Amino acid sequence: MRARRILLTGFAPFGGEAVNPSWEVAKALDGRTFGEVTVYAKRLPVDCNRAARLVIEEIVRARPAAVLGLGQAGGRPALSLEQIAINLVDPRRNQENAGGLDGKPVIPDGPDAYFSRLPLKPIIALLRRHQIPVWLSLSAGLYACNAVMYAALHALRRTPRVPVGFIHLPYATAQTTRRAAPSMSLDVMVAGVELALQAITRRI
Ligand code: PCA
């Protein structure tokens, strides 16, 4: 039998930041096992098309038992469990369309949206029990994080039992020394994502 693995993705730093907490957390959890299931981390570029393509290639290659994407949502005060990914890339992020009004799809001819396939309520209950700030989010945005969540859900649309979803993370404390914005220590974020992975592992 193939070893069962959970794909955990994080992003490279962007917007002039020295780190991206999503990659710091993914790296910290790389190799962690939950029973028979092993987590493996992959770093993605902050580029909608490339990131979407890379996550699809990885899913086809490794056939993970679950996929959890992580990204930075600077300014949010809690771990955000994304509920929905939409088939749209913000026109302002779309190089070919600079200044235009039309957004492009993440996947041409894909459905308008996919819902998260994570056990959202159990994850929230578990994190709250451990006093880790968490909330549900109605929008993963229109940038690389939404594109990766959408692409992963699209790639696994025919295997509905595979949990797939995305969690946005606040700034890490070290990123907010020069600006007034909510932040969280990396240790707390790692603990929160680890609990989420535990809840996911119970479903696979
Ligand atoms: N956050 C951005 C892109 C990469 C990241 O970490 C987003 O929310 O789309």
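Quick caveat, the model's predicted, so the values are computed rather than measured.
You'll find the side chain of E58 stays beyond 4.5 Å of the side chain of L54, heavy atoms only. Between E17 and Y171, the closest side-chain pair of non-hydrogen atoms falls below 4.5 Å. The shortest distance between side-chain heavy atoms of L142 and I86 falls below 4.5 Å. Contact of the M184 side chain with the P133 side chain is registered, since non-hydrogen atoms from C-beta on lie closer than 4.5 Å.
N87 contributes no side-chain N or O that, together with a main-chain N or O of P108, makes up a donor-acceptor pair within less than 3.5 Å. A donor-acceptor contact shorter than 3.5 Å links the side chain of S185 to the backbone of V188. Using a distance-only test at 3.5 Å, with no hydrogens or angles considered, no donor-acceptor pair links the side chain of E82 to the main chain of I167. Proximity of a side-chain donor or acceptor of R5 to a complementary backbone N or O of A62 within less than 3.5 Å is not detected.
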Distance-only donor-acceptor hits, side chain of residues 114-123, under 3.5 Å, sequence neighbours excluded:
unit_1: Y114; atom_1: OH; unit_2: H154; atom_2: ND1; d: 2.7
unit_1: S116; atom_1: OG; unit_2: L118; atom_2: N; d: 3.1
unit_1: R117; atom_1: NE; unit_2: P160; atom_2: O; d: 3.4
unit_1: R117; atom_1: NE; unit_2: V162; atom_2: O; d: 3.2
unit_1: R117; atom_1: NH1; unit_2: L156; atom_2: O; d: 3.1
unit_1: R117; atom_1: NH2; unit_2: L156; atom_2: O; d: 3.2
unit_1: R117; atom_1: NH2; unit_2: T159; atom_2: O; d: 2.8
unit_1: R117; atom_1: NH2; unit_2: V162; atom_2: O; d: 2.7

In residues 192-204, what donor-acceptor pairs under 3.5 Å come from side-chain atoms, sequence neighbours left out?
unit_1: E194; atom_1: OE1; unit_2: R32; atom_2: NH1; d: 3.0
unit_1: E194; atom_1: OE2; unit_2: R32; atom_2: NH1; d: 2.4
unit_1: T201; atom_1: OG1; unit_2: L197; atom_2: O; d: 2.5

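Applying side-chain contact (heavy atoms from CB on, under 4.5 Å) to V39 and the options T33, L8, D30, L68 leaves one that passes, L8.
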Step by step, work out the side-chain contact (heavy atoms from CB on, under 4.5 Å) result for Y150 and F166. CA-CA 10 Å; Y150 184 92; F166 199 95; over 6 Å; no
What verdict does the side-chain hydrogen bond (donor to acceptor under 3.5 Å, both in side chains) test give for H168 and Q72, after you've listed the backbone C-alpha separation in whole Å, the side-chain angles of each residue and the deciding distance to 0.1 Å? CA-CA 6 Å; H168 262 121; Q72 167 191 305; over 6 Å; no
Checking N20 against S22 for the side-chain hydrogen bond (donor to acceptor under 3.5 Å, both in side chains) test, could you report, in this order, the C-alpha distance in whole Å, the side-chain angles of both residues, the deciding distance, and whether it holds? CA-CA 5 Å; N20 186 323; S22 66; 2.7 Å; yes
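Across every non-hydrogen atom of P163 and A65, the tightest pair is CD-O, 3.4 Å. Closest approach of A18 and P13 over heavy atoms only: O-CG, 3.5 Å. Looking at every heavy atom in both residues, T9 comes nearest to G69 through OG1-CA, 3.2 Å. The shortest heavy-atom contact between R76 and S139 is NH2-O, 3.0 Å. Residues P21 and A172 approach most closely at CG-N, 4.1 Å, considering heavy atoms. Residues G71 and C145 approach most closely at CA-SG, 3.8 Å, considering heavy atoms.
Under the 4.5 Å side-chain contact rule for hydrophobic residues, I56 and V46 share a cluster. Put simply, V19 and V190 are part of two different groups of oily side chains (I, L, V, M, F, W, Y) that touch within less than 4.5 Å, one to the next. Grouping the Ile, Leu, Val, Met, Phe, Trp and Tyr side chains by contacts below 4.5 angstrom, directly or via other members, places L127 apart from W135. In the hydrophobic cluster analysis, where Ile, Leu, Val, Met, Phe, Trp and Tyr join through side-chain heavy atoms closer than 4.5 angstrom, L7 is grouped together with F11. The cluster map of Ile, Leu, Val, Met, Phe, Trp and Tyr, joined by side-chain heavy atoms under 4.5 Å apart, puts I132 and V25 in the same cluster.
No more than 12 heavy atoms of other residues, nucleotides or ligands lie within 6.0 Å of CZ in R161, so this atom counts as exposed by the packing criterion.
The ring-ring contact (aromatic ring centres under 6.0 Å, His included) contacts involving residues 18-74 comprise nothing, where partners must be two or more places apart or lie in separate chains.
For the atom pair CZ of R63 and CZ of R4, the computed distance is 13.0 Å after rounding to the nearest 0.5 Å. Once rounded to the nearest 0.5 Å, the distance linking CD of E57 with NZ of K42 reads 8.0 Å. In this structure, CZ in R53 is found 11.0 Å from CD1 in I107, a value given to the nearest 0.5 Å. Of the inter-residue distances, the one linking L88 atom CG with K104 atom NZ reads 12.0 Å to the nearest 0.5 angstrom. Between atom CG of residue L79 and atom CG of residue L136 there is a gap of 12.0 Å, rounded to the nearest 0.5 Å. To the nearest 0.5 Å, atom CD1 of residue I84 and atom CG of residue N146 are 9.0 Å apart.
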